[in-house]
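To start, the structure under review is shown below, and the notes come after it.
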Amino acid sequence: MSLPPACAVETSGLTKRFDRPVVDNLDLRVRTGEFYALLGPNGAGKTTTLKMVVGLLKPDAGTISILGTDALADPVAAKRVMAWISDEPMIYDKLTPLEYLAFVAGLWGVDADTAEARAQALLGWLGLGGHVHERCEGFSKGMRQKVALAGALVHDPRVIILDEPLTGLDAASARQVKAVLRERVANGGTVIMTTHILEVAERMADRIGIIAGGRLIAEGTLEELHGQAGERTSTLEDTFLSLVSSEAVPA
Amino acid sequence: MSQPGSLAWFARHESRLAWRDWLSMMTAGRRRRLSTVVIVLAAFLAFLHLVAYPIVKDYAHVARAPDKTALVVITGMLALSWSLMASQAMESVTRVFYSRADLDLILSSPAAAPTLFAVRIATMTLATALMSLLLASPFINVLAVLGGARWLAAYAVVVAISFNAMAFAVAVTIALFMVLGPKRTRLVAQVMAAVIGAACVIGLQLAAIQSLGSLSRTEILSSSALVAWAPASDSLLYWPARATTGDLTALAGVLGAGVLLLGAAIALFAPRFGDCALAAGGVAQAAKRRLSTSNGFRQATPRHALRLKEWLLLKRDPWLMSQSLMQILYLVPPAYLLWRGWGEGAGAVVVLVPVLVMAAGQLAGGLAWLAISGEDAPELVATAPVTAAEVLRAKVEAVMGAIALVFLPFVAAILLMSLWHAAVTVAGIVAASAAAIAIQHFFRSQARRSQFRRRQTSSRAATFTEAFSSIAWAGTAALAAAGTWLAVIGGLFALAVLLVARLISPKP
């Protein structure tokens, strides 16, 4: 059996411009089996970066590699091993959670029996066991986010990319989502997540990347980031604000 | 400066929003396209004058005191316009209740909500009147040029009818709210709006088939049987018709009645709008728990999964289903014509073929919008390991499958009468549907399925090209069904419409 590539996600010179450069020559390396948190102020380019990685936006320049596959040359192969969850769960109101998961499994070509077993287990684990036959139209935001999460996991992705997945979730739902993500990493999966909740990044991430103005301005473990901030900072919040504000000072 | 919260202040706010909304709708959000849009609109209006000429030229010299036949024909046409305006007005009123937009902000503010709703009713009336004036102007202008300036009074009649239609729409929608409650009113009001819009056309066509064996609306209106049955010439019912021909007394009466009705509707119902909007807002939060025992897991290719999803979503949404199938209402008269003409040769079929092709194009356009633009989980589909071409193919198959289901019985019936006409019908339906799907693909823009009714206003260019395309394919099919080689020219014209749609569509 061959070893998985060392890098789950690797971007090189990744660039995207709208009216201005939103992502600017970004080199990012996320190792296989790690929990990577991408932080940055509003408009820093986090979501744009992740959208390019999952194939929702075309980069103007640069390369993207997913577990060794060139995602720009062979997007279908790259998408096969990835899952994307945005802050606004996009599910179908008129489908039940089980039907939604069956649809996702169909899109990813998962065997029906395997998919059904996984779907039942995931929905049960996420506390939706009693709602599997109800249409999603009456679900709360937390329940919808859990359905979207179950959809992302039903095809057993090796790389999970999440954009602000905890926005609007209550404490119990947020804890469940975090537990699911931790479990995936423990089983060898890779998770990349953007968040504005620095405490989550501090407690869950193996490594943290800080992006500002479309560029990676700092990266490493929490301790390494404290070091890069160049001053005695005790929390990620202090370090983050220190790094971002120093970047904001005009050259 | 007007006092915040006053009638004038709300009016300024509403007119600014309405103007920007209209501008965005006409230019697809690109202000730089405004000059192009103005030119296209002017060209379209000029073209409509050419269309109007053969239709109204015979009526231009109708006397200021018309005979009974002319009065019946004009009244019939005005009734048709009223039904279309009332339908549009009901649609607008329902939208005010159910699309939350700024209602939460306004209803939670200390401003007097009835003042805002009074302004909102007036704005909707203005929008309905302006659109009607725009569409009626070619006909009125041609009449004025050929028959004299007295016909310009018809502009005021159109305004009066729009006042009347809005008053009716407000009263009926509020009554529905009070009788049925907010849950059912949305569906019932929108179905009613569609039925009111179609009923007049369909009723006249059915009457024409019954008495004359044709689909012509004007023929039935001027038929001696109807004229004999209609009220005497001095009836008040003919005042709008008399006003149209330039009778100033009648015009004053019609305008006065319109203003009075609209004023009464605003005074009576504006204070109730807030309660209705609040009740409508609670509907989404109290969504009923609907159970489904199926789990949907089966061995499927991505294309199969996408097709099934599209059909399931359509089946599960009675409102969307009714909105889509509403277009099929227009098939009732031709179906009746087919039934009546059964066994009498291909005469009835020749009339039926273009109607079926036209309906297929329109239905395909609606379904294609749902499948392509109305995808509620676009990021899920875009991040799936399926190529964009395969996704599109699956969605086209889903639309074509639904079209086949609706039109197969008609084609089968025609096949029993004429193989050639059945083949032409199938070819026409496929071509019109494919063109409508292509146009929806060219103009695709992300939207929620619940915005289905807004699809026709979100891009006027898409709506017009889709309609032109369906008309062109229907014309081509009619020529082919009649066995003339001119069908080739019709087909080329239809392809040209598609090409124009491609050229004017926004570039990805």
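Side chains are part of it too, since the values below use all heavy atoms of this structure and drop only hydrogens, waters and symmetry mates. The structure presented is a predicted model; accordingly, all values stated were derived computationally and were not measured. Chain letters run A, B, ... following the sequence lines, proteins first, then strands; residues in each count from 1.
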I want to check a possible cation-pi pair here: A/Arg144 against A/Phe139, using under 6.0 Å from ring centre and within 45° of the ring axis as the test. no

Within the side chain of A/Thr11, is there an N or O that forms a donor-acceptor pair under 3.5 Å with the backbone of A/Leu26? yes

Under the side chain to side chain donor-acceptor pair (under 3.5 Å) test, residues paired with A/Ser65 that sit two or more places apart: none

Cut-off 4.5 Å, heavy atoms of chain B, and the answer for A/Leu56 is side chain

Distance-only, no hydrogens or angles: does the B/Arg444 side chain make a donor-acceptor pair with backbone N or O of B/His441 under 3.5 Å? yes

By residue number, those in residues 374-389 of chain B with heavy atoms under 4.5 Å from heavy atoms of chain A are B/Glu375, B/Asp376, B/Ala377, B/Pro378, B/Glu379, B/Leu380, B/Val381, B/Ala382, B/Thr383, B/Ala384, B/Pro385, B/Val386, B/Thr387

Please flag which part of A/Val110 lies under 4.5 Å from any non-hydrogen atom of chain B: side chain, backbone, both or neither. backbone

Short question: side chain of A/Arg135, backbone of A/Thr96 - any donor-acceptor pair under 3.5 Å? no

Whether A/Thr48 side chain and A/Gly45 backbone form a donor-acceptor pair below 3.5 Å: no

For the side chain of A/Thr190 and the backbone of A/Gly188, is there at least one donor-acceptor N/O pair under 3.5 Å apart? no

With chain A as the partner chain, list the residues of residues 394-402 of chain B whose heavy atoms fall under 4.5 Å from it, by residue number, and write 'none' if nothing qualifies. none

With a 3.5 Å distance limit and no angle check, can you tell me whether A/Glu10 reaches the backbone of A/Val30 through a side-chain donor-acceptor pair? no

Please state whether the side chain, the backbone, both or neither of A/Leu101 comes within less than 4.5 Å of a heavy atom of chain B. both

So, does A/Asp74 use its side chain to make a donor-acceptor pair with the main chain of A/Asp70 at under 3.5 Å? no

Heaviest contributor of heavy-atom pairs below 4.5 Å to chain B, chosen from A/Asp111, A/Ile85, A/Asp113, is A/Asp111

Taking salt bridge (charged side-chain N to carboxylate O under 4.0 Å, His left out) as the test, write out the residues that go with A/Asp60, two or more places apart. A/Lys16

Can any side-chain N or O of A/Trp108 pair as donor or acceptor with the backbone N or O of A/Lys79 at less than 3.5 Å? yes

Could you tell me if A/Ser86 and A/Asp163 have a donor-acceptor pair between their side chains, going purely by distance under 3.5 Å? no

Max heavy-atom pair count under 4.5 Å with chain A, selected residue of B/Arg303, B/Lys309, B/His304: B/Lys309

